[in-house]
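Order of the sequence lines sets the chain letters (A, B, ...), proteins ahead of strands, with each chain counted from 1.
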Number of protein chains: 2
Amino acid sequence: MNSVRKVPDIVIGRLPIYLRALQVMAAEGREVTSSQELGERLGISPAQIRKDLSYFGNFGKQGMGYRIPDLIHRLKQILKVDRTWDMILIGAGNLGHALAQYQGFTPRGFRLVAIFDNDPEKIGRPIGLHTIRDVGEVPNFVREHGIQIAMIAVPASAAQQVADLCVEAGIRAILSYAPIHLKIPPGVLVQYIDPAIHLQQMTYYMNHGT
Amino acid sequence: MNSVRKVPDIVIGRLPIYLRALQVMAAEGREVTSSQELGERLGISPAQIRKDLSYFGNFGKQGMGYRIPDLIHRLKQILKVDRTWDMILIGAGNLGHALAQYQGFTPRGFRLVAIFDNDPEKIGRPIGLHTIRDVGEVPNFVREHGIQIAMIAVPASAAQQVADLCVEAGIRAILSYAPIHLKIPPGVLVQYIDPAIHLQQMTYYMNHGT
DNA sequence: ACGTGTGAATTAGTTCACAGCT
DNA sequence: AGCTGTGAACTAATTCACACGT
């Protein structure tokens with residue numbers, strides 16, 4: 001066990017992937033797995049998985065493997081998704097609508113609680129179970145409800161300004177869909193999703209001729 | 001210069017990020033930059049940027065830095081996005097609609113040319129400039145048009161089946177939004193987008209108490 | 001003087017291989 | 001026998017630091 005030493009970011013990055021795979025196994029009715037099996041499913045070496053988990057404790061049994069429900073429970077604790085995190089969404093365009101309807105957040109520990117936009121045409125309109133609010137209400141809303149996570153789905157041209165607003169309001173973590181790198185003060189976490197980045201990584205390896 | 005040696009994947013992963021930042025700079029009317037400046041914008045060390053670029057050639061001038069339009073041009077060549085790649089999309093739900101309307105593909109080297117779904121209610125309906133086609137037409141369409149890239153935006157329960165169909169049809173690269181790890185034969189590239197994974201990485205570092 | 005390109009040094013991450021528990 | 005947990009060995013990635021061209 002290694003509960004004191006700093007855990008590398010790259011290890012933290014893999015834990016949600018393990019969790020997701022384990023939840024699939026659990027849904028298949030499986031009770032037990034091994035680092036071998038999990039590794040095969042994910043294309044990761046068994047040693048890597050064991051080493052990663054060993055940063056947090058001894059979750060397996062020699063000769064037996066890992067009890068899936070237990071490991072899911074431990075990973076949820078580690079990632080702090082054994083509870084539900086409220087999130088806001090800024091940007092009610094096409095992507096914002098898709099995120100507003102997405103059913104995948106709740107089972108993974110997240111809940112969208114409000115949606116904001118700056119377009120007067122959109123403000124007041126319903127979107128899923130929500131009503132689009134004025135982006136100017138973000139600071140009050142965040143403070144009143146103690147929101148820590150924001151998703152940004154606005155055009156690149158507005159993203160920095162929206163991010164600044166979020167940070168100012170006290171948001172601690174941002175998931176941005178805007179295709180720009182945000183300037184964010186230390187202490188605030190940011191992650192990016194940009195499909196073109198992934199596509200461009202793949203085209204490097206492709207032959208266009210054929 | 002190092003044009004022979006195998007370039008690490010992790011380097012390839014950063015090139016699209018450099019390209020994106022350079023395109024922002026170009027839009028700002030900038031002509032020249034340095035590894036220092038680019039690094040500051042992206043939170044990457046200047047040495048890292050120089051080393052990454054040096055895998056592909058000597059793009060800068062000592063004492064001068066990099067000419068932005070030239071470097072953009074070279075990166076586009078390297079990533080093979082100095083041309084346009086046709087893509088298909090499978091899944092015309094909320095996310096599929098957002099992807100169908102997304103204006104960000106074209107300027108980055110990609111074009112969505114057809115959208116498929118398996119829901120008879122949806123097939124034939126318009127979506128953006130397209131009409132939703134029957135997913136059964138994927139193989140013929142891919143072969144006739146020589147499509148190499150597919151985006152998958154279907155529920156997790158259908159994703160593996162859809163991926164198999166794509167691979168069978170000759171697709172060489174898949175961008176999947178389904179929250180499962182796909183079993184894909186070697187030689188076919190896959191990338192995943194799953195917002196919950198990013199969110200769970202951030203919650204690890206957050207204090208929920210406060 | 002400035003800033004690249006790059007070997008060398010350093011740091012980080014992965015895999016090996018095996019002791020030890022079930 | 002099976003499979004974890006983990007130091008040790010190895011491999012990969014990053015940063016250093018400086019020669020060299022502008």
Side-chain angles (χ1 to χ4, degrees), chain A residues 1-18 21-22 25 30-75 78 201 204, chain B residues 1-18 21-22 25 30-75 78 201 204:
Chain A
M1 192 189 314
N2 245 323
S3 49
V4 187
R5 203 159 95 233
K6 210 255 175 206
V7 183
D9 285 358
I10 197 159
V11 172
I12 304 306
R14 282 189 294 261
L15 298 185
I17 294 170
Y18 300 159
L22 289 163
M25 287 183 185
R30 304 283 315 285
E31 285 283 320
V32 173
T33 188
S34 63
S35 59
Q36 171 81 41
E37 185 194 33
L38 189 55
E40 267 165 28
R41 288 221 190 187
L42 296 176
I44 293 176
S45 81
Q48 175 101 86
I49 291 173
R50 295 202 301 276
K51 181 76 95 182
D52 286 352
L53 295 177
S54 79
Y55 281 100
F56 302 97
N58 300 9
F59 303 148
K61 282 221 172 61
Q62 283 120 324
M64 300 276 98
Y66 302 88
R67 287 212 8 98
I68 292 173
D70 292 357
L71 189 50
I72 288 174
H73 183 240
R74 301 305 298 270
L75 285 174
I78 292 163
Q201 277 180 54
Y204 172 82
Chain B
M1 188 190 315
N2 245 323
S3 48
V4 188
R5 202 160 95 232
K6 210 258 174 205
V7 183
D9 286 357
I10 197 160
V11 171
I12 303 307
R14 281 189 294 260
L15 298 184
I17 294 169
Y18 300 159
L22 288 163
M25 286 183 185
R30 305 284 315 285
E31 285 283 321
V32 173
T33 188
S34 63
S35 59
Q36 172 81 43
E37 185 194 31
L38 189 54
E40 266 164 28
R41 288 220 189 189
L42 296 176
I44 292 176
S45 81
Q48 174 103 87
I49 291 172
R50 294 202 302 277
K51 181 75 98 182
D52 286 352
L53 296 177
S54 79
Y55 280 100
F56 302 97
N58 300 7
F59 303 147
K61 282 219 172 63
Q62 283 122 323
M64 299 276 99
Y66 301 89
R67 288 212 5 97
I68 292 172
D70 293 358
L71 190 49
I72 288 174
H73 183 239
R74 302 304 300 273
L75 285 174
I78 293 164
Q201 277 180 55
Y204 172 81

**Q** Rounded off to whole Å, could you give me the CD1-to-P distance for the Ile44(B) and dA13(D) pair?
**A** 15 Å

**Q** Looking at Arg67(B), I'd like to know whether one of its side-chain N or O atoms comes within less than 4.0 Å of OP1 or OP2 on dG3(C).
**A** no

**Q** If I take atom CZ in residue Arg50(B) and atom C1' in nucleotide dG21(D), what distance separates them, rounded to the nearest angstrom?
**A** 14 Å

**Q** Of the options dG20(C), dG21(D), dT22(C), whose atoms approach the side-chain atoms of Gln62(A) most closely?
**A** dG20(C)

**Q** Please report the closest heavy-atom contact between Phe56(A) and Val11(A), naming both atoms and the distance.
**A** CE1-CG1, 4.3 Å

**Q** Between C1' on dA17(C) and CD on Gln36(A), what's the gap in Å once rounded to a whole number?
**A** 15 Å

**Q** Out of Glu37(B), Arg30(B), Glu31(B), which residue meets the side chain to side chain donor-acceptor pair (under 3.5 Å) rule with Thr33(B)?
**A** Glu37(B)

**Q** Nearest to the side chain of Pro8(A), heavy atoms from C-beta on, is which of dG5(C), dC3(D), dG13(C)?
**A** dG13(C)

**Q** May I have the distance from Ile10(A) (atom CD1) to dT11(D) (atom C1'), rounded to whole angstrom?
**A** 14 Å

**Q** dG5(D), dT14(C), dT4(C): which one has an atom nearest the side-chain heavy atoms of Gln48(A)?
**A** dT14(C)

**Q** dG7(D) base to Lys51(A) side chain: any donor-acceptor pair below 3.5 Å?
**A** yes

**Q** With a 4.0 Å limit, can you tell me whether Tyr55(A) has a side-chain N or O closer than that to the phosphate oxygens OP1/OP2 of dG13(C)?
**A** no

**Q** Can you identify which nucleotide, out of dT6(D), dG5(C), dT14(C), has its nearest atom closest to the Tyr66(B) side chain?
**A** dG5(C)

**Q** Provide, to the nearest angstrom, the distance between the CZ atom belonging to Phe56(A) and the P atom belonging to dT6(D).
**A** 13 Å

**Q** Think Ser45(A) has a side-chain N or O under 4.0 angstrom from the OP1 or OP2 of dT14(C)?
**A** no

**Q** Do Leu22(B) and Tyr66(B) come close enough that some side-chain heavy atom pair is under 4.5 Å?
**A** no

**Q** May I ask you to say what Leu53(B) touches in the nucleic acid, namely base, sugar-phosphate or nothing, with a heavy-atom cut-off under 4.0 Å?
**A** nothing

**Q** Roughly how far, to the nearest 0.5 Å, is the CZ atom of Phe59(A) from the CG atom of Leu53(A)?
**A** 6.5 Å

**Q** Would you indicate, yes or no, if dG3(C) has its OP1 or OP2 atom less than 4.0 angstrom from a side-chain nitrogen or oxygen of Ser35(B)?
**A** no

**Q** Starting at CG of Leu71(A) and ending at P of dT4(D), how long is that distance when rounded to a whole Å?
**A** 11 Å

**Q** So which one's nearest nucleotide on DNA chain C is more toward 5', Met64(A) or Lys61(B)?
**A** Lys61(B)

**Q** Expressed as a whole number of angstroms, how long is the span from Glu37(A):CD to dG2(D):P?
**A** 16 Å

**Q** Are side-chain heavy atoms of Asp52(B) and Ile44(B) found at a separation under 4.5 Å?
**A** no

**Q** In whole angstrom, what separates Lys6(A)'s NZ from dT11(C)'s P?
**A** 16 Å

